[in-house]
Amino acid sequence: MGEVDPTFIQELQHRPKPAVIEAQGIPQIDLSPLLNSSSATGNLEDLVAEVRDACKNWGFFQVINHGVPIESREKVMSAAKRFFDQAIEEKRKVRRDEANPLGYYDTEHTKNIRDWKEVFDFTVEVPTMIPASHDPDDEQITEYPNQWPHHPPELREACEEYVKDVQKLSFKLLELISLSLNLPANRLEPFFSKDQTTFVRLNHYPPCLAPDLALGVGRHKDAGALTILAQDDVGGLEVKRKTDGEWIFVNPTSNAFIINVGDIIQVWSNDTYESVEHRVRVNSTRERFSIPFFVNPAHYTIVEPLAELIDEQNPAKYKAYNWGKFFVTRKLSNFKKLDVENIQIYHFKKPSELKIDDVVSRIENLV
Ligand SMILES: O=C(O)CCC(=O)C(=O)O
Ligand SMILES: [Fe+2]
């Protein structure tokens, strides 16, 4: 990535502001009551209340004392650095293509503008099965095989170890979120206990000559259920504050994970929780690494508001949709610049429930 190609340039209203707003920031939640089995139930109730408030008010929070060993994360971070440090020809040996979107890639587009980053994607389950096409009538299923590079040789093992640790955390978070919605702790688990389509991305954001024009990742919402993000100490993630739409910089906290609820939890909760927009700014001097772990259900999951959370007063705001088909459609539009609208959950919203924000987003996505 040399000088700034016009494909990277954000429209004026979406460019990062020169001054970073640090503000109070997203809530920090201490998960130690979960690690300590002898702790009183009172602690768990407080923890659930903190999760509820964070999900409602921010859609984002950081967790500390989460049980993922620091060495496990550091091993992946340093193997990722070794991988991305290689020549482009080496990285392209595991490049992804239209048929298999796993592996290396440096031309992702978010809302049709190219991101200033390179990535390496792999799935957690082997095999991971996904619909073969976005065509609703095509019932064919295909495998997404992981493509592990020969160099650095330690990358695969580091990633596989890390995944085991973060997966445990993901199930704890799903329990906390279930409890926070006044559901039984294990209510969400069955969507993930078999055939989950969770995948992990190693992100590398190289220094950028025009950090005021481009973004590492353009504004977006995560399509899956939950994201568990590790970021290094450089910082760059910005979250759109729900109260006023201001972009808030997420200060790096060493060894913490940043959690956000994705679109699926928004639909399951019938909008009690909302998937919040975020983006990544880049800088001209320091490269940055981050590792999002996208917790996604089995491809055949039909996503719709949970029966326990709807009634006559609070009817379902969304029509049911198939997760695998949604995922494939989204992947296709991120792969190359398309002339079609990027699929979003508001496409499944019942017309009477559309909010002004949905309409504005829809118009913005069309232009
Ligand atoms: O790098 C980050 O901080 C966030 C990346 C992100 O939002 C994503 O990959 O969906
Ligand atoms: Fe994201």
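The figures that follow rest on heavy atoms only: side chains count, while hydrogens, waters and symmetry mates do not. Note that ligands are numbered from 1 as they come in the structure, with each ligand's atoms numbered from 1 the same way.
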**Report entry** Close N or O approach (Gln231, ligand 1; < 3.5 Å)
**Finding:** no
Query raised in the report: What is the OD1(Asp222)-the Fe ion (ligand 2)-NE2(His278) angle, to the nearest 10 degrees?
Result: 90°
Requested in this report: Apply the test ring-ring contact (aromatic ring centres under 6.0 Å, His included) to residues Tyr321 and Phe348: give CA-CA distance (whole Å), side-chain angles for both, the deciding distance (0.1 Å), then the verdict.
Outcome: CA-CA 7 Å; Tyr321 65 90; Phe348 299 94; 4.6 Å; yes
Query raised in the report: Any idea which protein heavy atom is nearest atom 10 (O) of ligand 1, and the distance to it?
Result: His220 NE2, 3.0 Å
Query raised in the report: Going by distance alone, is a donor N or O of one side chain under 3.5 Å from an acceptor N or O of the other, for Asp222 and His278?
Result: yes
Report summary line: Which of Leu188, Val295, Val303 passes side-chain contact (heavy atoms from CB on, under 4.5 Å) with Ile264? It is Val303
Query raised in the report: Going by the atom numbers of ligand 1, which of them fall below 4.0 Å from some non-hydrogen atom of Asp222?
Result: 10 (O)
**Report entry** Short N or O distance, Arg201 and ligand 1, threshold 3.5 Å exclusive
**Finding:** no
Query - Pair Arg279 + Glu238, salt bridge at N-O below 4.0 Å - result: yes
Query raised in the report: Hey, mind stepping through Trp148 and Phe120 against ring-ring contact (aromatic ring centres under 6.0 Å, His included) and telling me if it holds?
Result: CA-CA 10 Å; Trp148 294 107; Phe120 177 82; 5.8 Å; yes
Requested in this report: Tell me which protein heavy atom sits closest to atom 3 (O) of ligand 1, plus the residue, atom name and distance to 0.1 Å.
Outcome: Arg288 NH2, 2.8 Å
Report task. Could you go through the ring-ring contact (aromatic ring centres under 6.0 Å, His included) check for Phe191 and Trp268 one step at a time? Result -> CA-CA 12 Å; Phe191 296 112; Trp268 278 339; 4.5 Å; yes
Report summary line: atom 4 (C) of ligand 1: closest protein heavy atom, distance to 0.1 Å, is Val280 CG2, 3.6 Å
Query raised in the report: Counting each atom of ligand 1 from 1 as listed, which ones have a heavy atom of Pro292 under 4.0 Å away?
Result: 9 (O)
Query raised in the report: Hey, is Thr227 touching ligand 1 through its side chain, its backbone, both or neither, going by heavy atoms under 4.0 Å?
Result: neither
Report task. Measure the acute angle between the ring planes of Phe171 and Phe192, then classify it against the limits of 30° and 60° as parallel, tilted or perpendicular. Result -> perpendicular
Query raised in the report: Are more than 12 heavy atoms from other residues, nucleotides or ligands located less than 6.0 Å from atom NZ of Lys172?
Result: yes
Report task. Give a yes/no verdict on whether any heavy atom in His278 is under 4.0 Å from an atom of ligand 1. Result -> yes
Query raised in the report: If you count the atoms of ligand 1 from 1 in the order shown, which ones are under 4.0 Å from a heavy atom of Leu229?
Result: 2 (C), 3 (O), 4 (C)
Report summary line: min-distance protein heavy atom vs atom 5 (C) of ligand 1 -> Tyr205 OH, 3.5 Å
**Report entry** Sub-4.0 Å atoms of ligand 1 with respect to non-hydrogen atoms of Phe294
**Finding:** 8 (C), 9 (O), 10 (O)
Query raised in the report: Is the side chain of Thr197 donor-acceptor paired with the backbone N or O of His299 at a distance under 3.5 Å, no angle test?
Result: no
